[in-house]
Amino acid sequence: MQDLSRQNIMYLPGIGPKKADVLKKEIEVASWEDILYYFPFKYIDRSKIFTISEVLKICRYGSEPHLKGIATRISNDNSMPYIQLKGKLRYYETVGEGHKRRLTAEFYDATGCIDLVWFQNIKTIQNMYKLDTAYILFGKPTLFNGNINIAHPELDTEDKFFKGELGVQGQYNTTEKMKNVFLHSRAIQRIIAAVLENSKEALPETLPETIIQKAHLVPLDEAIRNIHFPASPAALRNAELRLKFEELFYLQLNILRVTKYREKRLGGFNFTQVGDYFNRFYFEKLPFELTGAQKKVVKEIRRDMNSGRQMNRLLQGDVGSGKTLVALLSILIAIDNGFQTALMAPTEILAAQHFETISALTEGLGIEVRLLTGSTKKKVRNEILPEVQNGNIQLLIGTHALIEDTVSFGNLGLVVIDEQHRFGVAQRAKLWKKNTIPPHILVMTATPIPRTLAMTFYGDLAISVIDELPPGRKPIKTLHIYSAKRNNLYDSVRRQLRAGRQVYIVYPLIAESEALDLKNLSAGFEITKEIFPEYAVSMVHGKMKSAEKEAEMQKFVSGQTRIMVATTVIEVGVNVPNASVMIIENAERFGLSQLHQLRGRVGRGADQSYCILLTEYELSENTRKRIAIMTETNDGFLIAEEDLKLRGPGDIDGTQQSGIAFNLKIADLAKDGQILTLARDLALEILEDDALLQKPENVLLNKQLKKLNQTRQMGWFMIS
Ligand code: ADP
Ligand code: MG
């Protein structure tokens, strides 16, 4: 059998070292196999050839229903469509000077003529396309200076079309450097055609027959041929399904394999009993009834911690849903079973807050709780460390400082990590080594992660969701107000302040425009002081010294200052139940998830809370949608799903920090949830039966995983 990954594309007709080099550098394509996996990003129907008069009509009167129909049918662009014409070139003319220099020509058929224009490769174009020769033209008409023209069209003599080329056409992404050596979409297509032409045998199958049957997939050979040259729309759909499935399947198999391996090799502590600490807290101290969702999640965690395997669970719940309490209950169970526990938070402020809350909640139970952060004094630190080592400290709360090598536990049984998205896979792995048997791990996040993303980025974690808020909470009211009308706003804000409440005013701070943003923030601070001279105002931003920042934050927490002007540094975790107003300046500059996180800083007390989104009048459609979603719902999961649809997975909070290189070729996590679920289920089924993929029928899977792990695309999770 041919091994296409060993066939260099350099030796295909018409490529050579120069183009091969560009392909390698620009799109990491070197072998025949690589280019077969370079999929089109969209498809265009080239089955129709228009007349020039039709095209001019479509362009000028595109809104006429019968013509619009044609226009949308031949293109999935919203603007003017790509179209095909058949005609001849009349003359060339070079116009303009310097960088404005361009080549124009007139293209005509029996019904009319249209201008063509090229800005690059003027000489070559002129030599390549002959006058008065029949060509099929492919391009996108644009309106330029009131004229309709087509820039950089593709021209081909009719005899140059090969099989399938006049049907549904794949379009390939090409970079500027590729275009400079004439590797445009059409050229890529040609290379792929040549590779397929030269691979007379069917491409070797990459999925086991049983999987293909269970998932109703077409064979790889059929999928690859049809993804590039669809025989029909149905064949294209089948090809997409097959390739998306395969991509997601191997991704899941890779992640889940690690989980299974861990379970097999490492085992976990069994917390068999619920003892005094838990019971006394639950029955004597807990000031309220757990919500149904909290009960459900506590049960899931208890089951995990008594399963003989290490727990790796992600607990998702909107801000204020009561995750901390669930964490505490889990911690008490661990302590009841004679183990030490750790609670890790992303910032010192949060760690300190947890320490206070938990110390207060557990007062009288006789639990040894300590706080350890980067700023813990050396003397205190030196007192704490031996007590951690000898097992006396039962709960250690802190920041990253907890997982430093210098901190060694006598018998660590459970680690709770708050605000997951700051901790990557690697950091979690470090925790596994903190005891001879790895401690149970519970990660909590208030950034709801859409299901498909969670399965992909945190696919090694079991997932619990708290989807219910404690009773009596008033949903936050969110309003969109134009900046120009902000004056009306200040009266309402003053009423809140008079009633004793506190107020956040948040400004964007983006690295690219940092200096200007800081200036806006300071200006905002000054204006706020002028508008509300009777109230003390704090300001906090990421450029301040940590101690200074902490001090300002503390003033606001204690109520000494009543207004907090800040950047998104207040996003994570800070709890000031008395704050009832969140004003977000330039809300258009924030992402959806971020807006939601910010909004979560209010609505933590019993009072009605408000979130005000200030924006300019002029907003893009996308931004309008974001703002509208914010005013319509408080549901973090819904918002996360919308965010995924609007922005794509690469930008979603948590994915960048997750430590996973991310580059899906064909699957789309915003759309392919069902395929992902199927892929995950089938991957699980296989691993249940053969965790290490050693059975003969799984040889292919093993081989394929090894191969994928060698490429950058999936090389993040390899078991060493
Ligand atoms: P999260 O960490 O999920 O943002 P917290 O655990 O900080 O939420 O809980 C927010 C507030 O709600 C806290 O003041 C907590 O005491 C309170 N709370 C938690 N669970 C309940 C419940 N079941 N009933 C009433 N109040 C609750
Ligand atoms: Mg919390």
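Just so you know, ligand 1 is whichever comes first in the structure, and atom 1 is the first atom listed for that ligand.
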Peer 1: Using the ring-ring contact (aromatic ring centres under 6.0 Å, His included) criterion, which residues pair with F525? Sequence neighbours excluded.
Peer 2: none
Peer 1: For atom 10 (C) of ligand 1, which of R604, R473, K295 has the closest heavy atom?
Peer 2: R473
Peer 1: Looking only at heavy atoms of S321, does any of them come nearer than 4.0 Å to an atom of ligand 1?
Peer 2: yes
Peer 1: May I ask you to check whether T561 and S538 show a side-chain donor-acceptor distance below 3.5 Å?
Peer 2: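 Yes - a donor-acceptor pair under 3.5 Å links their side chains.
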Peer 1: To the nearest 0.5 angstrom, please state how far the CD1 atom of I563 sits from the CD1 atom of I583.
Peer 2: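 Those atoms lie 8.0 Å apart.
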Peer 1: Give the atoms of ligand 1, by number and element, whose distance to some non-hydrogen atom of T324 is under 4.0 Å.
Peer 2: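 Once the distances to T324 are compared, the set is 2 (O), 5 (P), 6 (O), 7 (O).
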Peer 1: Is it the case that T445 and Q316 place a side-chain donor and acceptor less than 3.5 Å from each other?
Peer 2: no
Peer 1: Distance only, no hydrogens: is a donor on one side chain within 3.5 Å (strictly under) of an acceptor on the other, for E356 and S359?
Peer 2: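 Not at all, the side chains of E356 and S359 share no donor-acceptor pair under 3.5 Å.
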Peer 1: Given that the side chain starts at C-beta and the backbone is N, CA, C, O, which of these parts of T357 lies under 4.0 Å from ligand 1, counting heavy atoms, or is it both or neither?
Peer 2: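 No part of T357 is near ligand 1 at this cut-off.
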Peer 1: Using a heavy-atom cut-off of under 4.0 Å, does the side chain or the backbone of E468 touch ligand 1, or both, or neither?
Peer 2: neither
Peer 1: Is ligand 1 under 4.0 Å from a heavy atom in the side chain of L290, in the backbone, in both, or in neither?
Peer 2: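 Backbone only.
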Peer 1: Once you restrict to heavy atoms under 4.0 Å, what part of E289 touches ligand 1? Side chain, backbone, both or neither.
Peer 2: backbone
Peer 1: For ligand 1, is there an atom lying under 4.0 Å from some heavy atom of D418?
Peer 2: no
Peer 1: Is there a donor in the side chain of T623 and an acceptor in the side chain of E588, or the other way round, less than 3.5 Å apart?
Peer 2: no
Peer 1: In residues 266-278, what donor-acceptor pairs under 3.5 Å come from side-chain atoms, sequence neighbours left out?
Peer 2:
residue, atom, partner, partner atom, Å
N270, OD1, S307, N, 3.3
N270, OD1, G308, N, 2.7
Y277, OH, Q394, NE2, 3.4

Peer 1: Between ligand 1 and G317, can you find any atom pair, the residue atom being a heavy atom, that is separated by under 4.0 Å?
Peer 2: no
Peer 1: With heavy-atom distances below 4.0 Å as the criterion, list the atoms of ligand 1 near Q294.
Peer 2: 19 (C), 20 (N), 22 (C), 23 (N)
Peer 1: What do you reckon, does Q316 put a non-hydrogen atom under 4.0 Å from ligand 1?
Peer 2: no
Peer 1: Could you list which atoms of ligand 1 come closer than 4.0 Å to a heavy atom of T291?
Peer 2: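 By the 4.0 Å cutoff, the relevant atoms are 23 (N).
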Peer 1: Just to be sure I'm reading this right: ignoring hydrogens, which of P577, P287, G322, G472 gets closest to atom 8 (O) of ligand 1? Compare them by their nearest heavy atoms.
Peer 2: G322
Peer 1: Could you verify whether a donor N or O on one side chain and an acceptor N or O on the other, from Q674 and D672, lie under 3.5 Å apart?
Peer 2: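 Note: Q674 and D672 side chains miss the donor-acceptor criterion.
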Peer 1: Provide the number and element of each atom of ligand 1 under 4.0 Å from a heavy atom of D318.
Peer 2: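 Here the atoms of ligand 1 in question are 3 (O).
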Peer 1: Within the distance-only criterion (no hydrogens, no angle test), does the side chain of K296 pair as donor or acceptor with the backbone N or O of V465 below 3.5 angstrom?
Peer 2: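 Looks like yes, one N/O pair under 3.5 Å.
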